[in-house]
> 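Handing you this structure, nothing more for now.
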There are 2 protein chains.
Amino acid sequence: MTQKPSETVVDAWIALVRAQQAAVLKVERAFREAGLPPHAWYDVLWELDRAPEEGLRPFDIERRMLIAQSNISRLIDRLEEKGYVERRACESDGRGQNVAITASGRTIRRRMWPIYAKAISETVGQHFSEREAATVRDLLTRLVDPQG
Amino acid sequence: MTQKPSETVVDAWIALVRAQQAAVLKVERAFREAGLPPHAWYDVLWELDRAPEEGLRPFDIERRMLIAQSNISRLIDRLEEKGYVERRACESDGRGQNVAITASGRTIRRRMWPIYAKAISETVGQHFSEREAATVRDLLTRLVDPQG
DNA sequence: CCCATATAGATGCAGTCGCATGGATTTAAA
DNA sequence: TTTAAATCCATGCGACTGCATCTATATGGG
C-alpha cells in the first residue's frame, strides 16, 4: 500500500516543516515586538470579522483553523477576557454558543494587520514571484486534507 | 520598502501554515499510536547518527533543526534520560559539550523510521508527483533564512 | 416516551514552548 | 594581564498544547 517516500519527498517534508517554523517564528516575533497579540488571535478575529453578525460556532472556527477543540475553547476564553469577542447562547442548539467579534475586536484586528502584512511580505512574499506563490498555494493546499 | 503582500502571497502563507500543521499533526499521531517518541527525537537522532563519532555540539543541532537553544537543551535532557544520547565534556571548549548517540539511540531511530516513512508518504508523498515534490522542496527551502 | 449514542463545549493534567536570565568560559581589546 | 564583550549551555517562569475526560444537550431507534 503505502510505499516508502522518495528522497525528494522526504526533502520536501523537511523543507515544509522548516519553512513554516521559520516563518511562523518571525511572524510571532513581529507581533510580540509590536506589543500585539499572537498570530492565532488575528486568524480568529479575521474569521469573525467576515462572518455573519451573529458570529460563528466554536466548532466552525475549529474546522477553519485546524485547531484542536480544547485549544479553540481556551483561545476564545482569552479573546473574551480581553473583550475582543463575546459568547452568546445559541438559539438553535442548547449545547452550543455563538462567538461574535466586538468593536474593540475589530479595532485590534485592524491594528494587527499592518504588522502581519509586513511580516508575511518579509518572510514569504519577498522570496517568491506571483507565479511561484500561486504554485506554493496550490500544491500545499492539497495537503490540508479534507477527509482526514 | 516592504510592500503589502498580494492576495496570492497571503494565500500561500495560509496554505503553508495549514499544510504543515496538518502534516505534523498526522506524523505525531502516527508515532504516538506506535508507542514511539515524537518526531523531533527522530530528527536529533538522525543528525547524530550521521555525525562523526564524537557527536555534535548542541548549538550545531540547534542550527540544523531551527529549534530554540533552551528547547535543544531540554530535548537533549529527555534523550539522555532515556539513554538514547550521551553528553560528554568538550575538549576544545570548556563551556561546551559533545552529544553522541548511543547504541540504543541507533536502535530506536531505526525502529522509528518505518513509521516516519509511512507517515511522510501518506501526508506528503501521495499528494505530489516527483516533480512537484522537488518544486515544493526548492521553493520552501528559500524561506529557511540563511541570514536571519 | 425512553434509552443508547452522538455531538458541543469545558476542564484537569502533564508535557513542551519561548523568553528572560544566570553561571561558566572563551575571545578581543585596552 | 586585566577587563569588557561574546558565546555556550542550563533553568525558572508563564503561557500554550494535546489528550483524556466530563457535563449537558440533541438525535435516532425501539
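Order of the sequence lines sets the chain letters (A, B, ...), proteins ahead of strands, with each chain counted from 1. Hydrogens, waters and symmetry mates are skipped; everything else that's a heavy atom, side chains included, is used. Here the structure is a predicted model, which is why all the values come from computation and not from measurement.
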> Tell me the interatomic distance from M65(B), atom CE, to dT16(C), atom P, rounded to whole angstroms.
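The distance from CE of M65(B) to P of dT16(C) comes to 13 Å, rounded to the nearest Å.
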
> Which ring pair (Phe, Tyr, Trp, His ring centres under 6.0 Å) pairs, counting each pair once, include a residue from residues 18-37 of chain B, with sequence neighbours left out?
F31(B)-Y116(B)

> Under the rule for salt bridge (Lys or Arg N to Asp or Glu O under 4.0 Å), what residues qualify as partners of R50(A), not counting sequence neighbours?
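E47(A).
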
> Rounded off to whole Å, could you give me the CD1-to-P distance for the I61(B) and dC8(D) pair?
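Result: 13 Å.
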
> For the pair made of CD1 in I67(A) and P in dC16(D), what is the distance, rounded to whole Å?
12 Å

> Identify the pairs formed between an N or O of the protein and an N or O of nucleotides 20-28 of chain C at a distance under 3.5 Å, and give each distance.
from, atom 1, to, atom 2, distance (Å)
dT26(C), OP1, G94(B), N, 2.8

> Apply salt bridge (Lys or Arg N to Asp or Glu O under 4.0 Å) to R137(B) and list each qualifying residue two or more places apart in sequence or on a separate chain.
none

> Would you please confirm or rule out a distance under 4.0 Å between OP1 or OP2 of dT17(D) and any side-chain N or O of R78(A)?
yes

> Only counting residues at least two apart or in another chain, list the ones meeting salt bridge (Lys or Arg N to Asp or Glu O under 4.0 Å) with R110(A).
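Applying salt bridge (Lys or Arg N to Asp or Glu O under 4.0 Å) to R110(A) gives none.
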
> Indicate, with a heavy-atom threshold strictly under 4.0 Å, whether Q97(A) touches base, sugar-phosphate, or nothing.
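Since only primed, P, OP1 and OP2 atoms lie under 4.0 Å of Q97(A), the category is sugar-phosphate.
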
> To the nearest Å, how far apart are L75(B) CG and dC9(D) C1'?
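To the nearest whole Å, that distance equals 14 Å.
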
> Who are the ring-ring contact (aromatic ring centres under 6.0 Å, His included) partners of F128(A), not counting sequence neighbours?
none

> So which of R32(A), M112(A), E28(A) actually passes side chain to side chain contact (heavy atoms under 4.5 Å, CB included) with H39(A)?
E28(A)

> Which of residues 37-59 of chain A sit near DNA chain C, with a heavy atom under 4.0 Å from it?
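Output list: R57(A), P58(A), F59(A).
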
> May I have the distance from R74(B) (atom CZ) to dC19(C) (atom P), rounded to whole angstrom?
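That distance rounds to 12 Å.
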
> Just how far, in rounded Å, is P of dC9(D) from CD of E62(B)?
8 Å

> Of all residues at least two apart in sequence or in a different chain, which pass the salt bridge (Lys or Arg N to Asp or Glu O under 4.0 Å) check with R74(A)?
none

> In this structure, how many angstroms lie between the C1' atom of dA10(C) and the CD1 atom of I72(A), rounded?
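I72(A) atom CD1 is separated from dA10(C) atom C1' by 13 Å.
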
> Give the rounded distance in Å between these two atoms: CD1 of I76(B) and P of dC17(C).
13 Å

> Using modelled atom types only, decide if a donor and an acceptor are shared between the side chain of S104(A) and the backbone of G83(A) within a distance under 3.5 Å.
yes

> Not counting sequence neighbours, which residues clear side chain to side chain donor-acceptor pair (under 3.5 Å) with D49(B)? List them please.
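Residues passing side chain to side chain donor-acceptor pair (under 3.5 Å) with D49(B): R106(B), R109(B).
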
